[in-house]
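In what follows, chains are A, B, ... by sequence order, proteins preceding strands, each numbered from 1. Note that the structure is a prediction, hence the values are computed from the model and not measured.
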Amino acid sequence: MVNYPSTKSINRFLLEVYASVYKSVKVYFRYPAWIIGDLLATPLWMLMFIYPILLFLPSEQWRSRETYEFFYWGMVSWSVISVALWSIGNAIRSEQQVGTLEQLFLTNADRIILFIGRLASSSIGLAINLVYMSLIVYLLFGVSIRVINIPLFIISILFCLLLSLGFGIVYGALVLQVKSPGAISNILQFFFLAFCGVFYPVTKLPEIVRPISYFIPFTYAIDLLRHSTIGTETVVPLEVELMLLSLLSALFIGLGYYSIRRVEAISKVKGKLGFY
Amino acid sequence: MRRIKSLVLNNLLVIKAVFMREILYWVRYPLWFLTLISFPYLISGLFYSIGYALSGENAIKYFNQRAGTPNVFLYQLIGSAIFMISILIIEDVGQSIRAEQFRGTLEYNYLTAANKIVLWGSVVIPHGLISLTTLAGSIIPMLFMEIKPVDPLDLVLGVLVLFIGLMPLFGIGFVVAALTMRFKEPWAVTNIIKAFISAFSGFNYPITILPLWLQYVSNALPTTVVTDIIREALLFNKRLYTMSYQIELLALMGLVYFAVAITVYKRWEEEARRRGELSKY
């Protein structure tokens, strides 16, 4: 059972969340160059990905609306995976680098909430990207992005964020242990890109590798996102997918709590908490 | 004469110290080696698998029509490996200054008598070595599998082309360093430069599919020329000595980029010193 002071009182809990989010959002807006850089670079990264993919398509698909919609939602899904891999892991890493991790761990604040703020700033970035990329797709390719089921779309985004949180915490614990997360994050990112059906439905993958996809929780979140926006078939019936996502989100958040407490305890014994 | 000798020896000492430090960092995080070796394969595999998932058996046919080769994997692998090297070189100089700022050691570096261009620039040597090893580690197994005969003269010329190709990138790295000095936050600028170079260098597609005006932009990038030369040699069996025009163009680009970069860097470094902003971040 997690037993931080914040878990005993809703006011304390909210205060900790507020402090964490406030700090992270403040840092995010303190470097406006990051935001501007992101906005300028996003369409260029999109082109870097879309041109090689277009090489494999027949000419008529170069003008098809579906091609660009698939691509747009693929980019959004990729951003979700990036949030999961980079936000909490990087938050821990940057606290290590500026030498404040040990001080933070001396407080009685909830360990998850300490880093949850980074998820908030990443979500702001994701929201900006969602709007901005749709504008870019419209300007570059003349395709306006549609969402056919808005309530389901909101639910799918919530699941994406919850899964990112859960996975991010588990991954954050790994960062505490192995220190340099960049290398693993990069490899994992490509693994997920290939097997989660980010740019194509997993049913298009060879049958032999599909079981791998079905073991990755992001497969279902991305599938639901695409179903709610462009109406593709879900890999499992919709009700089952919603239930599965609820269970997986809860499971990963629980697992995250356990792993970060365990790694913290081990690091404290070995005196390696602030090492990087 | 003695003064020149001592100058050369002192600079070599700086290069050696930076080399040892950077290699120590690399060895400390061995997982990065795995990333560097595997990244070109991951990028190539990703595009290949997306293409296959979208167009099935016809994917290679469509690819061949546009890229002029059915060898999708080697085409993508060469581009991805050069992409990795380019990104590493561009990031290195600026990032090394940023890391010193974070650690609070930048001002100590400025207190030493070392030449700052040599001090920051020599970071590229260990990273260049790692990059070239990466390129070799990535492409040689694939060439071996393809049983591609490589002429020893072409191999020497290929390494030379890569070195010449690194020079303009080194120049871009110095511009990033200058921006780091001036604006503190290099990530935003590096991200834009990286994205621009990645999008228009034709690492993973032929630039002929771009609109004509963008092809002109693309041809002004050294990375486009390097990718083109290496791909022509390894994939289309073109002899490197027949591409003297492209190699000369690359050398010229190297000189221009480098000269502009050093001028910009010196100017902004001087301004940062004057304003007392060297170690602020």
Over all heavy atoms of both residues, which pair between [X] and [Y] is shortest? Give the atoms and the distance, please.
X         : Y        : result
Arg66(B)  : Pro58(A) : NH2-C, 3.8 Å
Leu57(A)  : Ser55(B) : CD2-OG, 3.5 Å
Ala199(B) : Leu44(A) : CB-O, 3.3 Å
Asn191(B) : Gly37(A) : ND2-O, 4.0 Å

Other residues, nucleotides, ligands: >12 heavy atoms within 6.0 Å of [X] [atom1]:
X         : atom1 : value
Leu139(A) : CG    : yes
Tyr108(B) : OH    : no
Tyr216(B) : OH    : no
Arg267(B) : CZ    : no
Glu60(A)  : CD    : yes
Tyr48(B)  : OH    : no
Gln103(A) : CD    : yes

Handout entry: Proximity of Phe56(A) and Phe63(B) rings by center, below 6.0 Å
Key =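 Yes, they do, as the ring centres are separated by less than 6.0 Å.
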Measuring only between side-chain heavy atoms, which start at C-beta, is [X] closer than 4.5 Å to [Y]?
X        : Y         : answer
Leu55(A) : Ile209(B) : yes
Ser59(A) : Tyr62(B)  : no
Met48(A) : Asn204(B) : yes

Problem - Pick from Gly51(B), Ser201(B), Gly202(B) with the largest number of heavy-atom pairs that fall under 4.5 Å of chain A - result: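 When all of Gly51(B), Ser201(B), Gly202(B) are compared, Gly51(B) has the most.
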Handout entry: Winner by heavy-atom pair count (cut-off under 4.5 Å) against chain A, out of Ile193(B), Ile60(B), Ile43(B)
Key =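 Among Ile193(B), Ile60(B), Ile43(B), the one with the most close pairs to chain A is Ile43(B).
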Exercise for the section: Check the angle between the aromatic planes of Phe39(B) and Phe190(A) and answer parallel, tilted or perpendicular using the 30° and 60° thresholds. Expected result: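 Geometry flag for Phe190(A) against Phe39(B): perpendicular rings.
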Practice task
Could you check whether the rings of Tyr205(B) and Tyr51(A) sit parallel, tilted or perpendicular, using 30° and 60° as the cut-offs?
Solution key: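 Tyr205(B) vs Tyr51(A) ring planes: tilted.
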Exercise for the section: Could you tell me which portion of Leu193(A) (side chain, backbone, both or neither) has an atom closer than 4.5 angstrom to a non-hydrogen atom of chain B? Expected result: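 Both parts, heavy atoms under 4.5 Å.
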Problem - Ile35(A) portion near chain B, given a 4.5 angstrom heavy-atom threshold - result: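 Neither part; nothing is under 4.5 Å.
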Interatomic distance, [X] atom [atom1] to [Y] atom [atom2] [nearest 0.5 angstrom]:
X         : Y        : atom1 : atom2 : result
Phe191(A) : Leu42(B) : CZ    : CG    : 11.0 Å
Lys204(A) : Tyr52(B) : NZ    : OH    : 11.5 Å
Ser198(B) : Leu47(A) : OG    : CG    : 11.0 Å
Ile192(B) : Trp45(A) : CD1   : CH2   : 11.5 Å

[X], part contacting chain A, at a heavy-atom distance under 4.5 Å:
X         : answer
Gln65(B)  : neither
Phe203(B) : neither
Lys61(B)  : neither

